[in-house]
Number of protein chains: 2
Amino acid sequence: MADPQSSTGLDDLDLRLLAVLVRQPGRSNKALAEDLGVAESTCAYRVRALRSRGVIAGVRVVLDAAALGLPLQGVIRVRLGRHTSDGVGGLFDALVRTPGVIEVFHVAGADDFLVHVAVEDAAALRDIVLQHITVHEMVSTTETHLVFERREGIGPLARVTGAAR
Amino acid sequence: MADPQSSTGLDDLDLRLLAVLVRQPGRSNKALAEDLGVAESTCAYRVRALRSRGVIAGVRVVLDAAALGLPLQGVIRVRLGRHTSDGVGGLFDALVRTPGVIEVFHVAGADDFLVHVAVEDAAALRDIVLQHITVHEMVSTTETHLVFERREGIGPLARVTGAAR
DNA sequence: GTTGAAAACAAGCACAC
DNA sequence: GTGTGCTTGTTTTCAAC
């Protein structure tokens, strides 16, 4: 358990490859290979392998909600009354399908869901709560928090590589 | 204010382009142009314009934390005692630099920060709280919530286009 | 703002090590 | 598992509309 590749089956090249890829997603395979000091074919092979193993889950295009006319973001804490398996799953589905919803966490504890949304103004935030969340019978209470700012963290990979930054 | 492009300066082609791009980030410019029924050069031009305007904030490579050996995710609610501008900014910086931290929300309300983390096990979760969060003098209390599941929402664009799905 | 065509570039593949 | 060369396809650029 003290081997350099932890038990995830990722060797040093994989980790370096992921580190570059996370920081520079647009990087071409050719440039990536040069950075790592391996042949392009090797690099392409590794990337494909990491994709098929699911280590690379995918690629996302990130839009600026404010530039889309949605300058307000909120996190809505949702607490349920009754907890049936079907009901929770159905509510989860409904939440992620609500326009403006960026992500939803199903969590343990007093609250059941944390819903991150982007909207045009305070009225829209209220409407999301009233029309898309509290309409569900199983929802007991909600608490809406304005998001001052959201920042991305250094991420999971830094924990594996031990990268300071 | 009732014009089709809302006041964001995005026309129908922009919105259709973004819709395709968000759903299929890997799509080539050529394929994208075909989907939209415009020339490749036009398509490339629009994408570049949306990037430089900041509507397209960027592209992210998403890693599977579990595949990296971090099967446990948590949301840590952080409440502060004293609130100085410098202190809050410094803590924010420290949080996003902590290995395993995926994203951090600075929010209004009783809590000040919501910290989304991925870790190897419960002990690592405790260590993050003790070694990276409560070590800061300004932190008053924390509450750690296990994440059962996290799902991405349909997103901001659906609010602008009115896409049902 | 949009286009088609040429030139530059990168990706994918089969094969050799 | 890694490197090489060829073929294919894609991105970029630009003068013109």
Side-chain angles (χ1 to χ4, degrees), chain A residues 1-64 67-69 157 160-161, chain B residues 1-64 67-69 157 160-161:
Chain A
M1 262 286 200
D3 52 334
Q5 57 216 51
S6 285
S7 73
T8 56
L10 299 170
D11 65 14
D12 180 63
L13 182 57
D14 286 323
L15 294 177
R16 287 192 298 132
L17 191 159
L18 291 172
V20 175
L21 216 51
V22 165
R23 279 175 198 288
Q24 306 177 328
R27 205 113 181 121
S28 75
N29 182 65
K30 182 178 180 160
L32 198 52
E34 264 180 25
D35 289 350
L36 302 173
V38 297
E40 295 170 32
S41 59
T42 304
C43 190
Y45 173 84
R46 292 291 190 124
V47 172
R48 245 181 291 120
L50 288 167
R51 272 185 178 282
S52 69
R53 287 172 56 186
V55 178
I56 296 175
V59 175
R60 299 276 178 279
V61 170
V62 181
L63 304 183
D64 181 347
L68 288 171
L157 189 62
V160 180
T161 61
Chain B
M1 263 285 201
D3 52 337
Q5 58 217 49
S6 285
S7 72
T8 55
L10 299 170
D11 65 13
D12 180 65
L13 182 57
D14 286 323
L15 293 177
R16 286 191 297 132
L17 192 159
L18 291 172
V20 176
L21 216 50
V22 165
R23 277 173 200 290
Q24 307 177 325
R27 203 116 180 117
S28 75
N29 181 66
K30 180 179 179 149
L32 197 52
E34 265 180 23
D35 290 349
L36 301 174
V38 297
E40 294 169 33
S41 51
T42 303
C43 190
Y45 172 84
R46 291 291 190 126
V47 172
R48 244 181 292 122
L50 288 168
R51 273 185 179 282
S52 69
R53 289 172 56 186
V55 178
I56 296 175
V59 174
R60 301 274 178 280
V61 169
V62 181
L63 304 183
D64 181 347
L68 288 171
L157 190 62
V160 179
T161 62

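Predicted model, so just to flag it, every value in this text is computed and none were measured. Protein chains get the first letters and strands the later ones, always in sequence-line order, with residue 1 at the start of each.
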Query raised in the report: Once you round it to whole Å, what is the distance between P of C:dT3 and CZ of B:Arg46?
Result: 9 Å
Report task. Nearest whole angstrom, please: distance from the C1' of C:dG12 to the NZ of A:Lys30. Result -> 15 Å
Query raised in the report: Expressed in angstrom and rounded to an integer, what is the separation of B:Asn29 atom CG from D:dT12 atom C1'?
Result: 10 Å
Query - Rounded distance in Å - CG (B:Leu32) to C1' (D:dT10) - result: 13 Å
Query raised in the report: Which whole-number value in Å describes the distance from A:Arg48 CZ to D:dG1 C1'?
Result: 13 Å
Requested in this report: Output the single nucleotide from D:dT4, C:dT2, C:dT3 whose closest atom is nearest the side chain of B:Leu13.
Outcome: C:dT2
Requested in this report: Describe the nucleic acid contact of A:Ser41 in one word from base, sugar-phosphate, nothing, applying a heavy-atom distance below 4.0 Å.
Outcome: base
Query raised in the report: Between D:dG1 atom P and A:Asp14 atom CG, what is the distance in whole Å?
Result: 10 Å
Query raised in the report: Counting only side-chain N and O atoms of B:Tyr45, is one of them less than 4.0 Å from OP1 or OP2 of C:dG1?
Result: yes
Report task. Report the distance from atom OG1 of B:Thr42 to atom CG of B:Leu36, rounding to the nearest 0.5 Å. Result -> 10.0 Å
Requested in this report: Please state how far atom CZ in B:Arg51 lies from atom P in D:dT11, giving the value in whole angstrom units.
Outcome: 13 Å
Requested in this report: Supply the atom-to-atom distance A:Leu15 CG to A:Leu157 CG, rounded to the nearest 0.5 angstrom.
Outcome: 6.5 Å
Query raised in the report: When only distance counts, do a donor and an acceptor, one from the side chain of B:Thr42 and one from the base of C:dG1, lie under 3.5 Å apart?
Result: no
Requested in this report: Calculate, to the nearest 0.5 Å, the distance between atoms CD and SG belonging to A:Glu34 and A:Cys43 respectively.
Outcome: 10.5 Å
Query raised in the report: NA contact type, B:Ala44, heavy-atom cut-off 4.0 Å: base, sugar-phosphate, or nothing?
Result: nothing
Query raised in the report: Given atom CD of B:Glu34 and atom C1' of D:dT10, what is their separation to the nearest angstrom?
Result: 12 Å
**Report entry** Rounded distance (nearest 0.5 Å) linking atom CG of B:Leu50 with atom CG of B:Leu21
**Finding:** 9.0 Å
Requested in this report: For A:Glu40, report the nucleic acid contact type (base, sugar-phosphate, nothing); a contact means any heavy atom under 4.0 Å.
Outcome: nothing
Query raised in the report: At their closest point, which heavy atom of A:Asp14 faces which heavy atom of A:Gly9, and how far apart are they?
Result: OD2-O, 4.1 Å
